[in-house]
Amino acid sequence: FDQVSFLQCFSLHPLQSNSTSKSITTRKDPTYISLLQSSIQNLRFLNTSSPSPQLIVTPVNPSQIQAAIVCSQKLGVHVRVRSGGHDYEGLSYVSQMPFIIIDLRNMRSVEVDVEKESAWVETGATLGELYYAISQKSKVLGFPAGSCPTVGVGGQVSGGGFGTIFRKYGLAADNVIDAKIVDVNGKVLDRKAMGEDLFWAIRGGGGASFGVIFAWKFVLVPVPPTVTVFEVGKTIEEDATMLLYKWQNVAHKLHEDLFLHAVTGVVTSSSSLANKTISISFGGLYLGKIEKLLPSIQESFPELGLTRESCTEMSWIQSVLYFAGFSQDGSPEVLLNRTQSSRSFFKAKSDYVMEPISQTALQGLWNKLIEDETSYLILTPYGGVMSQISDSATPFPHRGGNMYQIQYMVTWDSEEENNQKINWMRELYDYMAPYVSRFPRAAYMNYRDLDLGRNYVINTTYAQASVWGLKYFRGNFKRLVKVKTASDPANFFWNEQSFPVLSPGR
Ligand code: FDA
């Protein structure tokens, strides 16, 4: 890679402003390592053996993105695009080929238009920055994206994006009404210029296959001035298995104003033979006050035993703090912090459940989880508006028919544990095969998992890529491949799970 030529090409680009030097960080710069590492979430990829970029471009305006794309192609260097750096498999900052990173951290303005109930958001913003900006302008507007405030708007929204109000308002991607992208030709395109096919593809198909999305226009959604959060925790000894069994049948049918997820954890127990047990926390958000929530839950899920004492009323932005693990009474400014307070090594996978899992099978699942006390599951109920949106409205196909999604997670602290932990996760996934969706066994693209399949070479065939593509996108995979073929025929935006390009005539 000829770095000098790249720098020259970049600074001479006709659209370039004269702030080049600040926008490119090379390996020689003292800030290179901290810039590279600061938004890496999975410590598996924060080590000296992971391939690192030749340089990092941190554009301050769209023309610098255009210059980076044009010059990378001219000099034959590969590009990775990073917004929040939360990719589970590190695809936004690791590549086996010589590469540069375009990191959007300096393009993160959020312009909220309260009257029109919309916002233009640059993709380098985090969800926390987005939520904070909305809350500064209105107490009764919100946005239905994920719970973790450090996640980037770029990656999350292009892969779907769900959170505590998605049963009422759908995914983040469902609420995009315009976008701006730099395509493979270095052109800036908005919705009108890119056309409806590409606009469809980037709202759930992941942005990385198609170009650099640098802004989204969102519809903001109404939230009541008072919402209620609640939590009930039970261990297996306290009949949590029966409760979860019941939850499976109830949670996806609840009113769309009510979100009730279940999070398992391994805890020590004096009353269990193994000295360890599973606890399940049933936590939720209700878009309204306690007095309406209690009778409604009493009717639909009396076994939960929800009492007034387990409920707290607050504003929507306080609920954002609460679900992010902060005190709801603290300042919302913590949402502006772009770095996670704690990071770990992790491996995750996902599944979709369409039939209730029996209590016997759940018991087998607990036996497996108890083997690793850093493991946990997050079970997210679907239903509500998610079942009313058609499977092909966006590339995200997991709509009607899904009762809930499972995220499996295991974490650890040192590189030596990598193989053992990853193998354990694969065993857990094998155990669950009979109980979850099949043909294909579906998965959520934003919980990226390279075990599902990957492109080893640039010209992967349609059949080879279908192995992972049908799991993430089901019936939408073919259309995504066609959009990819039309928008990036030379497959410049390649990665281990980018869409293949069809050969001419197919
Ligand atoms: P990152 O920058 O790593 O990008 C991810 C992918 O998108 C890469 O392929 C990258 O190249 C591409 N990309 C990023 N920006 C782009 C751009 N501007 N243009 C084109 N391509 C771009 N999900 C969810 O739905 N709900 C949730 O509540 C959570 N919670 C959560 C918590 C934590 C701690 C983690 C680590 C992850 C989640 N997620 C989640 C998953 C999350 O949505 C997923 O990892 C996103 O892809 C992360 O987006 P980032 O921009 O942070 O990642």
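Below, all heavy atoms of this structure are taken into account, side chains as well, without hydrogens, waters or symmetry copies. Whatever order the structure lists them in is the order used to number ligands and atoms, beginning at 1.
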Close-contact set for ligand 1 against [X] heavy atoms, below 4.0 Å:
X	answer
G146	26 (N), 27 (C), 28 (O)
R82	2 (O)
G207	20 (C), 21 (N)

**Message:** Could you check whether F396 and Y444 have their ring centres less than 6.0 Å apart?
**Reply:**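 So the answer is yes for these two rings.
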**Asked** With no hydrogens and no angle check, is any side-chain donor or acceptor of N402 less than 3.5 Å from a backbone partner on R399?
**Response**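 Checked: pair present.
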**Message:** Tell me if a side-chain donor or acceptor on T58 pairs with a main-chain N or O of N106 at a distance below 3.5 Å.
**Reply:**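 Answer holds: no.
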Would you say [Y] and [X] are linked by a side-chain donor-acceptor pair, where the criterion is simply a distance under 3.5 Å?
X	Y	answer
S92	R448	no
K347	N418	no
Q66	S63	no
Y408	D351	yes

So that I can tick it off, tell me whether [Y] and [X] are bridged by a salt bridge, with the cut-off set at under 4.0 angstrom between side-chain N and carboxylate O.
X	Y	result
R426	D451	yes
K192	D178	no
R191	E196	yes
R44	E89	yes

[X]: heavy atom below 4.0 Å from ligand 1, yes or no?
X	result
G159	no
G161	yes
R80	no

Suppose we measure from [atom] to each protein heavy atom; which comes out shortest, and what is that distance?
atom	answer
atom 25 (O) of ligand 1	Y444 OH, 2.6 Å
atom 20 (C) of ligand 1	G211 O, 3.3 Å
atom 41 (C) of ligand 1	N446 O, 3.5 Å
atom 32 (C) of ligand 1	C148 CB, 3.3 Å
atom 13 (N) of ligand 1	V81 O, 3.8 Å
atom 38 (C) of ligand 1	V151 CG2, 3.8 Å
atom 19 (N) of ligand 1	I213 N, 3.0 Å
atom 52 (O) of ligand 1	G152 N, 2.8 Å

A side-chain contact here means heavy atoms from C-beta on lying under 4.5 Å apart; do [X] and [Y] qualify?
X	Y	value
F166	Y382	yes
W468	D449	no
N446	Q156	yes

**Prompt:** Which residue from G163, G85, S158 reaches closest to atom 1 (P) of ligand 1 through any of its heavy atoms?
**Reply:** G85
**Identity of the nearest option to atom 36 (C) of ligand 1, non-hydrogen atoms only, from E496, R448, H86** = H86
Region of [X] that comes within reach of ligand 1 [heavy atoms, distance under 4.0 Å]:
X	answer
T123	side chain
L104	side chain
F214	neither

Could you say whether the N/O atoms of [X] and ligand 1 ever approach to under 3.5 Å?
X	answer
V212	no
Y88	no
D87	yes
G155	yes
Y447	no
S83	yes

**Item:** Qualifying residue for side chain to side chain contact (heavy atoms under 4.5 Å, CB included) with K217, from D113, D190, N175, I177
**Value:**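 That would be I177.
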